[in-house]
**Student:** 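Sharing a structure, written as structure tokens. Questions coming.
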Amino acid sequence: MSPTRSPEGAHLPLGGAAHSAKGAELRLGAVIPVYNHGGPVAGVVAALRAHGLPVLLVDDASEPGCAAVLDLLACQPDVLLERLRVNQGKGGAVMAGLHRAHQLGWTHALQIDADGQHDTCDVPAFVAAAVAEPAQLICGCPIYDDRVPRARLYGRYATHIWVWINTLSFAVRDSMCGFRIYPLAQVLHCVEGRHIGRRMDFDTEIAVRLVWSGMRVTNLPTRVRYPEDGVSHFRAWQDNVLISAMHTRLFFGMLWRAPLLLWRKVAA
């Protein structure tokens with residue numbers, strides 16, 4: 001199944017293939033980590049396919065009902081399924097998807113959640129940003145509706161502050177948004193041989209490490225909604241402990257990188 005085949009009428013020519021302003025060919029597909037989101041994931045896949053993107057579903061050891069839904073979706077053209085037998089967490093599922101996407105010959109991967117929180121109407125803007133700057137991380141900056149849990153919202157601000165400290169910059173406006181586009185070769189090189197958080201700490205840690213590696217960031221506003229019947233796998237105690245440990249680990253990593261990070265600011 002080719003990652004560059006597109007149905008008639010798709011918004012992206014060649015089904016996820018485009019040329020950047022710098023002349024390089026982009027082969028772009030969407031990676032969706034899925035853990036028991038059998039209800040909303042079909043709508044997310046349909047919206048991405050309508051934009052001409054091939055889709056790679058990563059089943060993070062979902063229950064049988066959700067797994068059956070994913071099997072049916074994978075029967076569609078340009079929808080692929082990678083199945084993990086043991087639950088890896090969101091970060092582990094995304095990393096498995098990025099490695100598989102690279103094996104498929106994709107140069108870029110759009111990460112998006114399976115629960116329908118992210119506004120797929122913004123996909124063309126993300127793709128256009130990646131085409132304009134193919135070496136950059138294209139990162140969503142959420143605009144929330146009134147249903148966002150206040151505790152989650154305030155907790156995000158604490159993470160924002162730590163990310164700004166640990167990168168010595170405001171390059172990443174929101175490191176917890178799972179709606180972004182990665183240049184695959186650079187990302188996989190950055191994480192090779194390194195311990196990266198594999199659960200809810202993943203999105204933040206990978207963003208910080210990419211900034212450390214010298215990757216520039218484009219931040220795009222995007223609407224994020226919290227459905228009243230939505231299913232969240234965020235574990236208040238365990239994941240907050242993981243995130244706190246991650247910030248501590250990154251802080252000490254920042255200290256010995258500080259001269260380089262500051263030099264980049266001066267040079268810029």
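Every heavy atom of this structure was used, including side-chain atoms; hydrogens, water molecules and symmetry mates were not. Sequential numbering from 1 along the given sequence is applied to the chain's residues.
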**Student:** Could you measure the distance from the CD1 atom of Ile243 to the CE atom of Met176? Nearest 0.5 Å is fine.
**Tutor:** 4.0 Å

**Student:** Excluding sequence neighbours, so at least two apart, what forms side-chain hydrogen bond (donor to acceptor under 3.5 Å, both in side chains) with Asp203?
**Tutor:** Lys90, Gln111

**Student:** Which heavy atom of Val31 sits nearest a heavy atom of Val58, and at what distance?
**Tutor:** CG1-CG2, 4.1 Å

**Student:** If I take atom CG from residue Leu80 and atom CG from residue Leu56, how far apart are they, to the nearest 0.5 angstrom?
**Tutor:** 6.0 Å

**Student:** According to a 4.5 Å side-chain heavy-atom criterion applied to Ile, Leu, Val, Met, Phe, Trp and Tyr, with indirect links allowed, do Phe170 and Val217 form part of one hydrophobic cluster?
**Tutor:** yes

**Student:** For the CG atom of Leu184 and the CZ atom of Arg100, what is their distance to the nearest 0.5 Å?
**Tutor:** 13.0 Å

**Student:** Fit a plane to each ring of Phe251 and Trp162, take the angle between them on a 0 to 90° scale, and name the class: parallel (under 30°), tilted (30 to 60°) or perpendicular (over 60°).
**Tutor:** perpendicular

**Student:** Nearest heavy-atom pair of Val44 and Ala114: which atoms, and what distance?
**Tutor:** CG2-O, 3.9 Å

**Student:** Would you give the length of the straight line joining atom CD of Gln186 to atom OG1 of Thr107, rounded to the nearest 0.5 angstrom?
**Tutor:** 9.0 Å

**Student:** Given the rule that I, L, V, M, F, W and Y join up when any side-chain heavy atoms are under 4.5 Å apart, are Trp164 and Leu255 in one cluster?
**Tutor:** yes

**Student:** Which value, rounded to the nearest 0.5 Å, describes the distance between Met246 atom CE and Thr159 atom OG1?
**Tutor:** 5.5 Å

**Student:** So, taking the atom named CG in Asp119 and the one named CZ in Arg223, what distance separates them when rounded to the nearest 0.5 Å?
**Tutor:** 4.5 Å

**Student:** Taking the side chain as every heavy atom from C-beta outward, state whether Val131 and Phe126 have any pair of such atoms under 4.5 Å apart.
**Tutor:** no

**Student:** Looking only at non-hydrogen atoms, find the nearest pair between Arg209 and Cys190 and report the distance.
**Tutor:** O-SG, 3.6 Å

**Student:** Is it true that Leu262 and Phe252 fall in one hydrophobic cluster, defined by side-chain heavy atoms closer than 4.5 Å?
**Tutor:** yes

**Student:** Val163, Ile161: one ILVMFWY side-chain cluster at the under-4.5 Å cut-off?
**Tutor:** yes

**Student:** Of all the heavy-atom pairs spanning Pro54 and Arg49, show the shortest one and how long it is.
**Tutor:** N-NH1, 3.7 Å

**Student:** Does Asp60 pair with Arg85 as a salt bridge, N-O distance under 4.0 Å?
**Tutor:** no

**Student:** Linking I/L/V/M/F/W/Y whenever their side-chain heavy atoms sit closer than 4.5 Å, directly or via other members, would Leu210 and Ile165 fall into one cluster?
**Tutor:** yes

**Student:** Does a side-chain heavy-atom distance below 4.5 Å link Asp174 with Cys177?
**Tutor:** yes

